[in-house]
Visitor: 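Got a structure for you, questions after.
Residue numbers begin at 1 in each chain, while the letters A, B, ... track the order of the sequences.
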Amino acid sequence: MEWVGGCASGQAGLVNDRAPVPYRFDPDATAAGLKQQYGQLEAGVETGDRVVVAGRLMLRRGQGKLAFGQLADSTGRIQLFATANDTPDFERFGKLSLGDWIGVSGEVMTTRKGELSVKVLEWSILAETRRPFPDKWHGINDPDTRYRQRYVDLWVTEEARLTLQARSKIVSLIRRWLEDRDFMEVETPALHPVPGGALARPFTTHHNALDQEMFLRIAPELYLKRLVVGGFERVFEIARVFRNEGISPRHNPEFTMLELYQAYADWTDIMELVEQLVAYLAIEICGSTTVTYQDRELDLSVPWRRASMASLIEEQTGRSVGLDTPIDELRALCDELDVEWRDSYGAGKLMLEIYEKTAEGEQWDPVFVTEYPVEVSPLARPHRELPGMTERFEGIVAGRELCNAFSELLDPDDQRARFEDQVRERDNGDEEAMAVDEDYLRALDYGLPATGGLGIGVDRLVMLLTDSATIRDVVLFPTLRPEQDLGSGSMEPGGDGQTSST
RNA sequence: GCGCCUCUAGCUCAACGGCAGAGCAAUGGACUCUUAAUCCACAGGUUGGGGGUUCGAAUCCCCCGGGGCGCACCA
């Protein structure tokens, strides 16, 4: 390792004074690793063990011929202990800016007060910060600044770092869990000629060479089922999907959806899969199936409650409704409950609207809501016992939809009729209705066996497991309006360029 | 898209019709065991932008812009 320690340029104090920094560096210890290995050390011990650490200087305390610092890396923080006698270029070390990246080689020790530290015996600057770091105690409070400058937020907001690290861990655990069950990860197109697989407004774009309108996918569903037709019996995709809709604490225009399809399975198999997967993740991430979400306890243990949509409506409103309830009665109930409806809505759509208004948000502990009407489930297979219903369920946790799943619709003729119903709804002004996907129908013509399918909102799952109130906290770079005053001028040395919330 | 709230130093916040302030950061100095170190000194502002009311506006009113939260849409 080449040490560039003591490379102060002699022009200290100038903003543009950039020390030469090494092309590579080889740390051999981390803050967390040191705490784990030496955590039990008594006060005043010098171990003689030499380690190399690297990171950002987050705190600094001069003490005459001593100096203390706190070095942060991706695992946490460790104290640095520098002395005029042992630390080369001690003077310069004491003048480092908060936020500077440094590499340190030194001896593992504890101070007289017992704080585990690395005594700085060699050090070098790995990168200087030319912008001041936020308040060392309060950090950044303005949410907009946090999301825009995530590269700073990750250093000064520990929860942000831990949450986003947990997200990575969760996605990794999902992959491994599914692979252990013989699911194969695939990647299907994100550019779709026909948007499908969900009810949502797409982003539109254009391919120049093909001179063709294209859509960013709103769901990978129809491609994944094509793969089951193709003989991949268990597939999954962790898909970034795009929906041209509002932004809110629970919605980002691009978000991540886990979809999986299992041949020969039905919706009951998928229910078991979901509750087991989520319980497994809760234990791995939170240490228990009982987690706290927004100051309220949440029991994710298996099995989750099953309840039909109609029964939940009755539970909340005391009114018994079903597909055979006269339409006027349903409309009257909507009016009574302040639920908007249109003439084109059938009994199934009215039921769904009533359920979403009255019951969905009232659920807290997980519940699989079953028996969705055919009318609102264009890709789900008819219920084997209940006419007009499908074998579809949604998993509701903490009052929000976590997943949507069903026994997949197999019959090409039925599917064509459902698509055509959707087109009629589109003609009636429903911009989220589906279009006919002829190639998908052709695939179904070749035969799809019984298949259970699932979509889970990964962002919302991460929110639950990390106790995050907003989706922006679990997305590294959430969608924001572009900053207005951030031109090329901000890159000029000495330019103000500080990007506040304005 | 509609409603409510909000925008003051690099960061976190005061001042709420009467001289724009503090802490941290920065800058200069003291200090051999600090833990958000402490102490001394110094500096930092077109109060988001524009207009209006007023003897006087960060403060009240209007318009515009950014952000937050609800509603609507949705996952």
Visitor: Among residues 463-477 of chain A, which residues get a heavy atom nearer than 4.0 Å to RNA chain B?
Guide: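 Those residues are A:Ile471, A:Arg472.
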Visitor: How close or far is atom P of B:C11 from atom CG of A:Asp144, stated in whole angstroms?
Guide: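 From A:Asp144 CG to B:C11 P: 12 Å.
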Visitor: Between the protein and nucleotides 21-25 of chain B, which nitrogen or oxygen pairs are less than 3.5 angstrom apart?
Guide:
| residue | atom | partner | partner atom | Å |
| --- | --- | --- | --- | --- |
| B:G23 | N2 | A:Asp135 | OD2 | 2.7 |
| B:C24 | O3' | A:Lys136 | NZ | 3.3 |
| B:A25 | OP1 | A:Lys136 | NZ | 2.6 |

Visitor: Between P on B:C31 and CZ on A:Phe90, what's the gap in Å once rounded to a whole number?
Guide: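 Answer to the nearest Å: 11 Å.
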Visitor: Salt bridge (Lys or Arg N to Asp or Glu O under 4.0 Å), that's the test. Do A:Lys225 and A:Glu221 meet it? Break it down for me.
Guide: CA-CA 6 Å; A:Lys225 282 190 279 195; A:Glu221 170 153 355; 2.8 Å; yes
Visitor: Respond yes when some side-chain nitrogen or oxygen of A:Arg250 is under 4.0 Å from OP1 or OP2 of B:C73, and no when none is.
Guide: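 Answer is no, no contact under 4.0 Å.
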Visitor: Could you please spell out the steps behind the side chain to side chain contact (heavy atoms under 4.5 Å, CB included) verdict for A:Arg92 and A:Ile125?
Guide: CA-CA 11 Å; A:Arg92 172 84 176 110; A:Ile125 294 176; 3.3 Å; yes
Visitor: Which of parallel (below 30°), tilted (30 to 60°) and perpendicular (above 60°) describes A:Tyr293 and A:Trp364?
Guide: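 Plane angle between 30° and 60°, so tilted.
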Visitor: Starting from C1' on B:C73, measure out to CG on A:Asp430 and report it in whole angstrom.
Guide: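 Distance check: A:Asp430 CG to B:C73 C1' gives 11 Å.
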Visitor: Give every pair of a protein N or O atom and an N or O atom of nucleotides 13-16 of chain B that lie under 3.5 Å apart, one pair per line with the distance.
Guide:
| residue | atom | partner | partner atom | Å |
| --- | --- | --- | --- | --- |
| B:C13 | OP1 | A:Asn141 | ND2 | 2.6 |

Visitor: Looking for any heavy atom pair under 4.0 Å, which part of the strands does A:Glu401 touch: base, sugar-phosphate only, or nothing?
Guide: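 The residue A:Glu401 makes sugar-phosphate contact but no base contact.
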Visitor: What interatomic distance, in whole Å, is found between C1' of B:A36 and the corresponding atom of B:A43?
Guide: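 Those two atoms are separated by 22 Å.
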Visitor: Counting just side-chain N and O atoms, does A:Arg201 come under 4.0 Å of either OP1 or OP2 of B:C73?
Guide: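 Looking at the OP1 and OP2 atoms of B:C73, neither is under 4.0 Å from any side-chain N or O of A:Arg201.
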Visitor: In plain terms, say whether A:Glu237 and A:Arg217 are close enough for a salt bridge, that is, a side-chain N and a carboxylate O under 4.0 Å apart.
Guide: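 The answer is yes: the pair qualifies as a salt bridge.
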Visitor: Looking for any heavy atom pair under 4.0 Å, which part of the strands does A:Leu59 touch: base, sugar-phosphate only, or nothing?
Guide: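 Sugar-phosphate, no base atom in range.
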Visitor: Quick one: the dot-bracket string of RNA chain B, using Watson-Crick and G-U wobble pairs with both distances under 3.5 Å, [ ] for crossing pairs and | for bases paired to another strand.
Guide: (((((((..((((....[..))))..((((.......))))......(((((..]....))))))))))))....
Visitor: Can you measure A:Glu128 atom CD to B:A26 atom C1' for me and round it to whole angstrom units?
Guide: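 Between C1' of B:A26 and CD of A:Glu128: 15 Å.
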Visitor: Measure CZ/A:Phe406 against P/B:A75 and give the value in whole Å, please.
Guide: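 From A:Phe406 CZ to B:A75 P: 11 Å.
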Visitor: Holding to salt bridge (Lys or Arg N to Asp or Glu O under 4.0 Å), I want the full list of residues that pass it with A:Glu158, two or more places apart in sequence or in another chain.
Guide: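 Listed in chain order: nothing, the list is empty.
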Visitor: Got a sec, which residues hit salt bridge (Lys or Arg N to Asp or Glu O under 4.0 Å) with A:Asp421, two or more places apart in sequence or on another chain?
Guide: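 Partners of A:Asp421 by the salt bridge (Lys or Arg N to Asp or Glu O under 4.0 Å) criterion, ordered by chain and then number, come out as A:Arg424.
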Visitor: Identify all side-chain donor-acceptor contacts of residues 339-348 of chain A below 3.5 Å with residues at least two apart in sequence or on another chain.
Guide:
| residue | atom | partner | partner atom | Å |
| --- | --- | --- | --- | --- |
| A:Trp341 | NE1 | A:Asp335 | OD1 | 2.8 |

Visitor: Tell me: CD1 of A:Ile247 to P of B:G67, nearest whole Å?
Guide: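 The answer, rounded to whole Å, is 9 Å.
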Visitor: Can the ring centres of A:Phe81 and A:Phe68 be said to be less than 6.0 Å apart?
Guide: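 Yes.
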Visitor: How would you list, by chain and number, every residue that makes a salt bridge (Lys or Arg N to Asp or Glu O under 4.0 Å) with A:Arg161, sequence neighbours excluded?
Guide: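 With sequence neighbours excluded, A:Arg161 shows a salt bridge (Lys or Arg N to Asp or Glu O under 4.0 Å) to no residue whatsoever.
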Visitor: Roughly how many Å apart are B:A26 and B:G66, using the P atom of each and rounding to a whole number?
Guide: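 So the two P atoms sit 34 Å from each other.
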Visitor: Between A:Ala198 and A:Pro249, which residue's closest nucleotide on RNA chain B lies nearer the 5′ terminus?
Guide: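 This one resolves to A:Pro249.
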Visitor: Send over the distance from A:Glu91 CD to B:U27 C1', rounded to a whole Å.
Guide: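 So the two atoms are 15 Å apart, to the nearest Å.
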Visitor: What nucleotide among B:U35, B:A72, B:G66 has an atom nearest to a side-chain atom of A:Arg148?
Guide: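 Closest nucleotide among those given: B:G66.
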Visitor: Using side chain to side chain contact (heavy atoms under 4.5 Å, CB included), reason through A:Val369 and A:Tyr355 one step at a time and then give a plain yes or no.
Guide: CA-CA 10 Å; A:Val369 181; A:Tyr355 155 75; 3.4 Å; yes
Visitor: Can you confirm whether A:Ser468 sits close enough to A:Val462 that some side-chain heavy atom of one is under 4.5 Å from a side-chain heavy atom of the other?
Guide: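 Result no, sub-4.5 Å side-chain heavy-atom pair not found.
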Visitor: Residues from residues 61-83 of chain A sitting under 4.0 Å of RNA chain B, heavy atoms only?
Guide: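 A:Arg61, A:Gly62, A:Gln63, A:Gly64, A:Lys65, A:Leu66, A:Phe68, A:Gln79, A:Phe81 - these, ordered by number, are the residues of the stretch whose heavy atoms sit under 4.0 Å from the strand.
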Visitor: For atom C1', what is the distance between B:A58 and B:G17, given to the nearest Å?
Guide: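 One C1' to the other, the span is 11 Å.
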Visitor: B:C7 C1' sits how many Å from A:Arg146 CZ, rounded?
Guide: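 From A:Arg146 CZ to B:C7 C1': 18 Å.
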Visitor: Roughly how many Å apart are B:U27 and B:G10, using the C1' atom of each and rounding to a whole number?
Guide: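 Their C1' atoms lie roughly 14 Å apart.
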Visitor: Regarding A:Glu375 and A:Lys349, does a basic nitrogen lie under 4.0 Å from an acidic carboxylate oxygen?
Guide: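 The answer is no: the pair does not qualify as a salt bridge.
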Visitor: Contact class for A:Asp459 (heavy atom, under 4.0 Å): base, sugar-phosphate, or nothing?
Guide: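 A:Asp459: no heavy atom of the nucleic acid under 4.0 Å.
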Visitor: Output all residues satisfying salt bridge (Lys or Arg N to Asp or Glu O under 4.0 Å) with A:Glu115, sequence neighbours left out; order by chain, then residue number.
Guide: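 By the salt bridge (Lys or Arg N to Asp or Glu O under 4.0 Å) rule, A:Glu115 matches no residue at all.
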Visitor: Heavy atoms from C-beta onward define the side chain here; which of B:G66, B:U35, B:A75 lies closest to that of A:Thr111?
Guide: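 Nearest to the side-chain atoms of A:Thr111, counting from C-beta on, is B:U35.
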Visitor: Report the residues that fulfil side-chain hydrogen bond (donor to acceptor under 3.5 Å, both in side chains) with A:Arg472, sequence neighbours left out, ordered by chain and then residue number.
Guide: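 If we apply the side-chain hydrogen bond (donor to acceptor under 3.5 Å, both in side chains) test to A:Arg472, skipping adjacent residues, there are no hits.
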Visitor: Charged N to carboxylate O under 4.0 angstrom, A:Arg167 versus A:Asp459?
Guide: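 The answer is yes: the pair qualifies as a salt bridge.
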Visitor: Given B:G67, B:U32, B:A75, identify the nucleotide with an atom nearest to the side chain of A:Asn85.
Guide: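 Nearest to the side-chain atoms of A:Asn85, counting from C-beta on, is B:U32.
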Visitor: Apply ring-ring contact (aromatic ring centres under 6.0 Å, His included) to A:Phe406 and list each qualifying residue two or more places apart in sequence or on a separate chain.
Guide: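 Expected list: none.
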Visitor: Between A:Thr83 and A:Asp86, is any side-chain donor less than 3.5 angstrom from a side-chain acceptor?
Guide: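 Checked: A:Thr83/A:Asp86 side chains pair up, N/O donor to acceptor below 3.5 Å.
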Visitor: For the residue pair A:Tyr223 and A:His192, does the interplanar ring angle fall in the parallel (under 30°), tilted (30 to 60°) or perpendicular (over 60°) class?
Guide: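 Geometry flag for A:His192 against A:Tyr223: tilted rings.
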Visitor: Distance between the P atoms of B:C64 and B:C4, in whole angstroms?
Guide: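 Comparing P positions in B:C64 and B:C4 gives a spacing of 14 Å.
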